[in-house]
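Quick notes on the structure that follows.
In each ligand, atom 1 is the first atom listed, and ligand 1 is the first ligand listed.
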Amino acid sequence: MENEDILHNLSHIKERINIACKRAGRKPEEVRLLLATKTVPPEKIKVAFDAGFTLIAENKVQELKEKYEALKDVPHTNHFIGHLQTNKIKDVLKCDVACIESIDRFDLAEKLNNRLQLEGKTIDVFIQVNTSQEESKFGVAPEKAIELTQQVATLSNLKIKGLMTIGLFSAEIEKVRPCFQLLKKIQQEIIALNLPEVEMKELSMGMSSDFETAIEEGATIVRVGTLVFGKRIYADSYYWNETAAK
Ligand SMILES: *Cc1c(COP(=O)(O)O)cnc(C)c1O
């Protein structure tokens, strides 16, 4: 993808976000565009930074580490959206990640909290929910999401800010929408519990193929990669599939 194409894509997506917000009766400022930068080289990411798009996220710790050095001189915010193995916790924390969106099990949360305690730091986290119930996807099962949130809330160095999901893989958008509605419903249930120290403002949902629908259903962060940087060579299963991630 040429630099000017990236810039064009970014402004086009921004426009589509604005239109989706209008349709949903929401303010465009309520929705942040996060750039999913897996496989994208640092030079291309910097093009987006220069245009003012500075919220990015990686899926793999190795890739995060490689790009961190190249990008650290340009102010930006890093989230982590991939499957996190506990033996990579130290590495992820070295890269100044502001938020880990993919907390999907208590043992990961606990080990992350232990490490943060040692380092005297805190980090923002989202609970990742497998709203599509597809086996290939990570995330806590919807019926266990509240329990996991309550458990993670007891860990003082993790600051829960919201929920994340990957919608169903389907070209039929009306089959994807219920995933987003379910995440919103779980969010509302957690808010009603009034858990101390738990904020539930953020809903990270929606990608290139479904971000407008996610906005209609309440997304505060949409995660877009392909529409900005072009098609990737690796299939997403390389990043998402349980066996591939091992
Ligand atoms: C790759 C990825 C995205 C962005 O996907 P696109 O279809 O390229 O927009 C969003 N969320 C997660 C977790 C991803 O791995």
Side-chain angles (χ1 to χ4, degrees), residues 1 5-6 8-17 20 31-41 44-45 47-48 53 55-64 67 77-85 88 92 97-105 108 124-140 161-173 175-177 179-180 183 202-215 217 219-245:
M1 192 71 68
D5 294 325
I6 294 174
H8 172 82
N9 294 344
L10 284 166
S11 64
H12 185 59
I13 293 164
K14 205 70 204 153
E15 187 54 32
R16 283 175 60 182
I17 291 175
V31 181
R32 282 188 285 165
L33 174 59
L34 174 151
L35 306 179
T37 48
K38 56 178 177 266
T39 76
V40 180
K44 298 292 171 191
I45 300 174
V47 173
F53 297 87
L55 177 60
I56 60 168
E58 289 292 342
N59 290 67
K60 292 229 177 258
V61 177
Q62 185 56 35
E63 218 177 310
L64 170 69
K67 293 180 211 174
T77 305
N78 243 325
H79 283 195
F80 191 79
I81 56 176
H83 179 65
L84 183 56
Q85 291 159 277
K88 300 279 168 65
V92 93
V97 167
C99 176
I100 296 177
E101 298 197 10
S102 45
I103 298 295
D104 60 359
R105 57 204 195 278
L108 169 65
D124 291 349
V125 295
F126 299 168
I127 305 296
Q128 182 178 355
V129 185
N130 185 359
T131 53
S132 67
Q133 306 265 35
E134 290 164 286
E135 276 190 20
S136 61
K137 302 250 180 82
F138 295 110
V140 62
K161 301 290 180 185
L163 304 174
M164 185 271 255
T165 200
I166 300 171
L168 182 76
F169 272 128
S170 171
E172 289 173 68
I173 198 70
K175 289 190 177 161
V176 186
R177 190 184 297 276
C179 296
F180 302 145
L183 200 70
E202 304 284 0
L203 285 182
S204 175
M205 56 189 195
M207 317 194 331
S208 288
S209 57
D210 54 23
F211 70 92
E212 285 142 319
T213 309
I215 289 171
E217 300 303 334
T220 62
I221 295 179
V222 291
R223 308 179 309 267
V224 180
T226 308
L227 273 187
V228 179
F229 299 109
K231 275 219 170 77
R232 294 175 290 269
I233 348 172
Y234 298 112
D236 281 340
S237 57
Y238 172 70
Y239 287 91
W240 291 345
N241 186 278
E242 184 83 45
T243 21

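The residues lining ligand 1, counting any heavy atom closer than 4.0 Å, are A36, K38, N59, I81, I166, M207, S208, R223, V224, G225, T226, R232, W240.
With T37 contributing its side chain and A57 its backbone, the two residues share a donor-acceptor pair below 3.5 Å. Proximity of a side-chain donor or acceptor of T220 to a complementary backbone N or O of L203 within less than 3.5 Å is detected.
Ring geometry for H79 against F126 counts as perpendicular: the plane angle is over 60°, on a 0 to 90° scale with 30° as the lower cut.
Neither side chain, S102 nor Q128, offers a donor N or O lying under 3.5 Å from an acceptor on the other.
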*Can you list the steps and then say if R177 with E217 is a salt bridge (Lys or Arg N to Asp or Glu O under 4.0 Å)?*
CA-CA 8 Å; R177 190 184 297 276; E217 300 303 334; 2.8 Å; yes
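No side-chain heavy atom of Q85 sits less than 4.5 Å from a side-chain heavy atom of V61.
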